[in-house]
Amino acid sequence: MGSVSTQVTLAKERDNATFDPNLMDLFINGEAWVNTRNKILDVVRKQPEIFDMSDIYFLNREGEVEKLLKQEKRVAELIQQKKLTDDDAMAITYIQDASGPYRLHRGMFMPTLERQATDEQKKAFLEKARNYEIIGCYAQTEMGHGSNVRGLETTATYIQETDEFEVDSPTLTSTKWWIGGLGVAATHACVMAQLIIKNKNYGVYPIVVPIRSTVDHKPLPGVSVGDHGPKMGFNGVDNGFVNFDKVRVPRFNLLQRYITVDNQGNVTIPSDVDPRVTYSTMVYVRSNIVNIMGKELSKAVTIAVRYTSVRRQFGDDPNKSENPVLDYPIVQYRLIPLVAKTYMMLGMSHEFYANYERCRMAIEKNNDFSLLKEMHAVSCGLKKWCSDTTVYGIDTCRHVCGGHGFSLFSGLNTAFANLYPNIIWEGDNFVLAQQTARYILKVAENSMNSSPIESDDPTSQIFKKFKYDLPKRKISNNKLWNSEITPQTVVSNEQLLLNILAYKVAHQAYTLATKINVDKQSWNDSLVADYMTRALSEPLNREKMGDELREQIFKRYIEPVTKYAKL
Ligand SMILES: Cc1cc2nc3c(=O)[nH]c(=O)nc-3n(C[C@H](O)[C@H](O)[C@H](O)COP(=O)(O)OP(=O)(O)OC[C@H]3O[C@@H](n4cnc5c(N)ncnc54)[C@H](O)[C@@H]3O)c2cc1C
């Protein structure tokens, strides 16, 4: 059979493009990212002795951590010399496909300080962190609690006599666990702890705790700290544990942008502060995850599309080369939706990030937290969808590459293993899905009330537009478009597409809301049980039953029972 070289095939496929790839790059990635990428590639290529990654698949864990620490050190030097910014440093991680021990220092420690420290605290901690004089991590998860943040057991108790906080891990399960950067690198931890002042628990707040000496890097007294060993992937990051045995830190170390504690133990929490702001770092990190997922999936689909265009199997004509496997519909069926989702994810992440920035500026400038609730719900939903789609999409890309996909050199296996924790961290995806669903249901239920609380957030607008008519059990305004809907009008009209999606959300949410609150309640709610008992024992006073919901319950469940009882 004839054969066609890889180069010729790829050139031919590329010639088929109906658009300029450079313009598309600018369009989907934005000029800022394209410039950053070029700048980083320049740095990385100029110093292969530090940044070359060709031996990465042959290194053991220790070798990987060591190699990436060397890169981190160089990056820190370039930042100190003002040749790179913190954002550039994060970009290197994505471009090199390798996260090292400082990832959480930049990705969570500094962002938490930026958002939750006072100006004096920023001077004390953030400036040092930016100069790499201290290396930080974000210690929230414990051995016993991850998703249930309120259940965290680590305590920070105010000791008035010495004007200090005592940070303690009272149980084995309160040991901080999974903390990136803690294994070998961190000198400081931003610890999420139950804040206890004068025997009152104020909930979980961040407090900066030094854990290793900045002189000899040895653990400080009362601190048991270490790396918790090899993982499925993400092995360049030193995830670790820490246990505190009544460690004292100055009162100053409690991040006090949104709570103030004075030396008499008086606590001030401004009344206009939304307590969820302490978790706002997580919203920020989720917004980053959404963006990263698009970029990572684009790498995987690029590998898979290129490979399947040059990989040839079978052919009917012995005088011609075999068919590129990409030409088989069953390969396209698996790959093309992923290509589409990649574009979608990249586009959506820009929109989401812009909204996040709006929310952050409103908080920073005006203490306006009104957008936070919606941002939290959206960040949960998007993080879940994007990380699921990317992780399992990479798995599909690997499968589509056949046996060669299984080689580490495909790049897809390491990507899968390294990116997998994105479906777990910053909120396990199933837990996050519940949070988004709960928010949507609450907004739907609010709109079903006779006098709903007005709000102009985008989710409320959906339910305002497609209002539910409870007695008729349907959405009252179900006109999506003024003229006839054809496939052409759907694909070419953004507003119609948005209407269809919004209608679908509204329909599903109303269906669920009525199932939970109107139908299902009748079987297990004590209120209904009470009506049932009364229905069987005394004549019913229909006037007293009140609203539409009870009317419905009566008609469906109580009336038949009373009829039966009379018989
Ligand atoms: C590689 C990696 C790096 C990490 N880095 C950090 C870090 O730097 N700092 C940090 O603080 N944390 C870090 N984490 C921890 C991470 O945030 C937690 O693992 C995550 O929040 C999930 O918590 P968990 O492990 O306790 O799981 P669990 O909460 O125990 O969940 C176990 C299972 O129960 C389900 N579940 C839990 N609650 C509910 C519910 N209410 N309803 C239904 N199902 C439920 C979950 O879906 C899951 O399937 C990291 C984790 C990993 C894997």
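Values below: every heavy atom of this structure, side chains too, minus hydrogens, waters and symmetry copies. Start at 1 with the first residue, then count along the sequence. Indexing begins at 1, ligand by ligand and atom by atom, following the structure's order.
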Is it the case that Asn60 and Glu62 place a side-chain donor and acceptor less than 3.5 Å from each other? no
Can you tell which part of [X] has a heavy atom less than 4.0 Å from ligand 1: side chain, backbone, both or neither?
X: Leu104; result: side chain
X: Pro421; result: side chain
X: Trp178; result: both
X: Val237; result: neither

State whether the shortest distance between N or O atoms of [X] and N or O atoms of ligand 1 falls below 3.5 angstrom.
X: His145; result: no
X: Phe234; result: no
X: Trp177; result: no

Which option wins on minimum heavy-atom distance to [atom]: [options]?
atom: atom 29 (O) of ligand 1; options: Ala139, Gly240, Ser147; result: Ser147
atom: atom 36 (N) of ligand 1; options: Asn148, Val431, Val149; result: Val431
atom: atom 15 (C) of ligand 1; options: Val285, Thr141, Asn235, Leu182; result: Thr141

Using a cut-off of 6.0 Å, state whether more than 12 heavy atoms not belonging to [X] lie near its atom [atom1].
X: Phe406; atom1: CZ; result: no
X: Asn199; atom1: CG; result: no
X: Glu351; atom1: CD; result: no
X: Lys122; atom1: NZ; result: yes

Report the C-alpha distance between Tyr356 and Phe352 in whole Å, list the side-chain angles of each, state the deciding distance to 0.1 Å, and finish with yes or no for ring-ring contact (aromatic ring centres under 6.0 Å, His included). CA-CA 6 Å; Tyr356 167 75; Phe352 176 61; 7.2 Å; no
May I ask you to decide if the ring planes of His228 and Trp177 are parallel, tilted or perpendicular, using 30° and 60° as cut-offs? parallel
Answer yes or no on whether Lys384 is positioned over the face of Phe430, meaning its NZ or CZ is under 6.0 Å from the six-membered ring centre and within 45° of the axis. yes
Would you mind checking which non-hydrogen protein atom is closest to [atom], with the distance to 0.1 Å?
atom: atom 20 (C) of ligand 1; result: Ile424 O, 3.4 Å
atom: atom 2 (C) of ligand 1; result: Trp425 CE3, 3.4 Å
atom: atom 23 (O) of ligand 1; result: Gly146 CA, 3.3 Å
atom: atom 47 (O) of ligand 1; result: Asp428 OD2, 2.5 Å

Between Phe234 and Tyr420, is the ring-ring contact (aromatic ring centres under 6.0 Å, His included) condition met? List the steps. CA-CA 9 Å; Phe234 206 62; Tyr420 189 86; over 10 Å; no
With the threshold set strictly below 4.0 angstrom, can you tell me whether any protein non-hydrogen atom sits that near atom 32 (C) of ligand 1? no
Can you check whether a protein heavy atom sits less than 4.0 angstrom from atom 25 (O) of ligand 1? no
Which of the atoms in ligand 1, numbered in the order shown and given with their element, are less than 4.0 Å from a heavy-atom of [X]?
X: Asn239; result: 3 (C), 4 (C), 5 (N)
X: Gly180; result: 7 (C), 8 (O)
X: Tyr138; result: 7 (C), 8 (O), 9 (N), 10 (C), 11 (O)
X: Gln434; result: 40 (C), 41 (N), 42 (N), 43 (C)
X: Ile179; result: 7 (C), 8 (O), 9 (N), 10 (C), 11 (O)
X: Phe430; result: 47 (O)

Is the distance between the ring centroids of Trp425 and Tyr138 under 6.0 Å? no
Lys/Arg-Asp/Glu bridge criterion (N-O < 4.0 Å) met for Arg130, Glu127: no
With Ser379 as partner, the option from Gln435, Arg286, Glu426, Glu374 fulfilling side chain to side chain donor-acceptor pair (under 3.5 Å) is Arg286
Looking only at heavy atoms, the pair that brings Gln121 and Asn253 closest together is NE2-C, 4.1 Å
